[in-house]
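Heads up, the thing below is written out as structure tokens.
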Amino acid sequence: MLRDRITGSKALMRALKAEGVETIFGYPGGSIMPVYDALFDYTRGEKKCFDHILVRHEQGATHAAEGYARVSGKVGVALVTSGPGVTNTLTGIADAMLDSTPIVVIAGQVPISALGTDAFQEVDLVGVAQPISKWSYQIRHAEDVAWAVSRAFYIARSGRPGPVVLDFAKNAQVEEIDWEPTKVTFIRSYVPYPKLDAEAVSRAAELINHAKKPLALVGQGVELGNAQSELVKFLEKADIPAGRTMLGLSALPSNHPLNAGMLGMHGNYAVNLKEQECDVLIAIGMRFSDRVTGNLKTYAKQAKVIHLDIDPSEIDKNVKTDVAIVADCKESLPAITALLEKANHSEWRASFKSLDEKERTKVIEPAIHPKEGPLRMGEVVHMVSEKSADDTILVTDVGQNQLFATRYFKYHHKRSICTSGGLGTMGYGMPAAIGATFGAPSRTVCCFMGDGGFQMCIEELGTIMEQQAPVKMILMNNHYLGNVRQWQDMFWMRRKSFTKMLNPNYELIAQGYGIPYAAVTDRNDLAAAVEKMLATDGPYILECAILEEDNVLPMTPPGMNVDEMKLEI
């Protein structure tokens with residue numbers, strides 16, 4: 001019998017193909033060169049099964065992999081070299097860890113004979129990546145490739161998803177082995193899908209059935225668990241208003257009657273105040289981050305708390321629960337729903353309306369329909385949302401652009417938001433949007449960026465140019481690091497320390513990359529400019545001249561109680 005003898009690099013190609021990988025975001029270098037040589041045959045001709053997207057910076061590879069994963073529900077893949085190549089990915093790995101995004105980062109490494117010698121571009125990747133990844137592992141021999149890759153993808157996508165890092169020694173890339181496919185479906189001591197506790201389900205249902213003022217807090221766990229329809233059935237049967245975290249915004253359509261708005265520091269007024277009034281609080285696939293809870297000492301002390309989460313480490317970490325259900329929400333939500341009595345909480349829901357109207361009058365209308373002065377971020381976001389198709393994907397960078405965009409964009413379909421939540425990574429937007437165009441090629445991708453974040457990963461315009469990735473880039477230019485400037489104005493006696501930006505000529509930059517560009521300074525031209533952007537095939541940059549001191553409101557100041565939200569400065 002003929003043996004199927006191949007190198008470790010070719011084994012990697014076969015292992016990736018077996019995991020259903022279609023797109024790889026990467027940047028070659030010395031320690032990963034054997035893999036790139038093997039990749040050559042798998043990206044062209046009869047053997048073609050991968051698209052390799054050459055990014056312009058390794059950080060861009062990880063963010064693109066994140067964007068791909070977030071909108072597709074698949075595992076994103078980044079391929080880089082050792083040393084500075086892989087240290088450049090660490091921000092993206094940490095970002096993926098905090099936002100539970102399934103990516104696999106494969107990095108070259110010096111041969112094992114050179115480990116510990118301070119060889120050229122040697123870095124202890126496993127040691128560096130371990131605290132910020134779900135699993136990190138060094139492949140020292142070619143015979144380990146199939147097992148390591150299968151295990152990596154199993155860990156990345158199962159349970160609470162997250163990033164996995166494979167450190168691929170160069171000797172293992174060139175060694176020859178007899179190919180044997182491997183499929184990992186079980187790891188001892190790793191329980192990605194905890195068994196549903198029927199007693200806890202019963203106790204949760206009893207609390208909800210007796211509630212007079214129930215409130216649900218919906219997080220990204222619903223999207224990660226593909227439990228959007230299960231969520232709607234649960235909410236509708238129990239007639240429960242629901243707030244959504246920033247990463248969970250598209251888990252429930254914006255126009256659903258039980259949607260109570262966005263939670264958090266810059267969320268909607270009513271739902272944040274009602275957290276301090278509800279009698280039963282049901283947290284679903286969310287982690288009670290500090291940006292949602294405000295001062296933990298006073299947060300929801302009047303309420304019985306039910307927490308549904310797949311990760312047991314989140315239970316009681318920040319907020320003490322009365323009933324914890326540790327399971328996949330796609331399983332736990334229907335189990336609770338089956339025990340619920342059909343409810344009517346119309347009086348409780350109606351109590352939100354006066355607060356909603358107060359926010360609409362004081363904040364929303366002035367933000368999206370200003371009558372005079374320079375353009376406002378809110379009106380730009382609102383216009384793009386109104387003109388875009390219902391299945392448009394919102395991608396944001398970080399800062400005021402993110403907060404305005406997430407507040408005023410409308411969500412109609414699942415997996416419609418892609419933003420950096422836990423780490424708050426400036427420079428995330430552009431590469432994540434590139435990844436999103438490959439993860440959901442039939443959907444429009446609109447990426448909102450401030451002038452600060454745009455410049456942090458501006459080199460990825462080269463990737464957009466080469467791939468003709470159809471990213472609609474909305475650059476909201478206020479010549480400031482706007483979010484920091486707002487905090488300086490509010491909490492640092494208006495001492496604007498190094499937040500003013502001297503910006504380049506973005507039209508000339510767009511010209512250099514061959515990307516269509518337009519600028520808007522007058523709101524009378526905004527609608528036509530947005531329509532032209534959306535109608536143009538391929539990428540587009542729309543620069544909007546924004547009021548320099550535009551502020552995001554409402555706002556719960558840091559350390560304050562969640563119901564001490566300010567509608568004005």
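From a predicted model like this one, the values you see are computed outputs, not experimental measurements. Starting from 1, each residue takes its place in the sequence as its number.
With no hydrogens or angles considered, no side-chain donor-acceptor pair links Tyr42 and His52 at under 3.5 Å. Side-chain contact of Ser250 with Glu223: a donor-acceptor pair under 3.5 Å is present, judged by distance alone. A side-chain N or O of Thr463 and one of Glu460 form a donor-acceptor pair less than 3.5 Å apart. If you check the side chains of Thr245 and Arg287, you find no donor sitting under 3.5 Å from an acceptor.
Evaluation of the side-chain hydrogen bond (donor to acceptor under 3.5 Å, both in side chains) test over residues 159-173, restricted to residues two or more places apart or in two chains, returns Ser100-Arg160, Gln109-Asp167, Gln138-Asp167, Arg160-Asp311, Arg160-Glu314, Asn171-Glu175.
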For residues 141-148, dump all side-chain donor-acceptor pairs below 3.5 Å to protein atoms at least two apart in sequence or in another chain.
none

Residues 506-518, side-chain donor-acceptor partners within the protein, below 3.5 Å, at least two apart:
unit_1 : atom_1 : unit_2 : atom_2 : d
Tyr506 : OH     : Gln455 : NE2    : 3.0
Tyr506 : OH     : Asn503 : OD1    : 3.4
Tyr517 : OH     : Glu543 : OE1    : 2.5

Can you list, pair by pair, the side-chain donor-acceptor contacts under 3.5 Å of residues 22-33, counting residues two or more places apart and other chains?
unit_1 : atom_1 : unit_2 : atom_2 : d
Glu22  : OE1    : Lys74  : NZ     : 3.4
Ser31  : OG     : Ser82  : OG     : 3.0

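With a 4.5 Å cut-off on side-chain heavy atoms, Ser388 and Cys446 count as touching.
The salt bridge (charged side-chain N to carboxylate O under 4.0 Å, His left out) check on Arg188 picks up nothing, with sequence neighbours excluded. Tyr428 pairs by the ring pair (Phe, Tyr, Trp, His ring centres under 6.0 Å) definition with His63, not counting sequence neighbours.
Using a 30° and 60° split on the angle between ring planes, Tyr411 and Phe409 fall in the tilted class, from 30° to 60°.
Arg5 forms no cation-pi arrangement with Trp179, by the criterion of a distance under 6.0 Å to the ring centre and an angle within 45° of the ring axis.
Under a 4.0 Å N-O distance rule, the pair Arg56/Glu466 qualifies as a salt bridge.
The environment of Asn505 atom CG is dense: over 12 non-hydrogen atoms of other residues, nucleotides or ligands sit within 6.0 angstrom.
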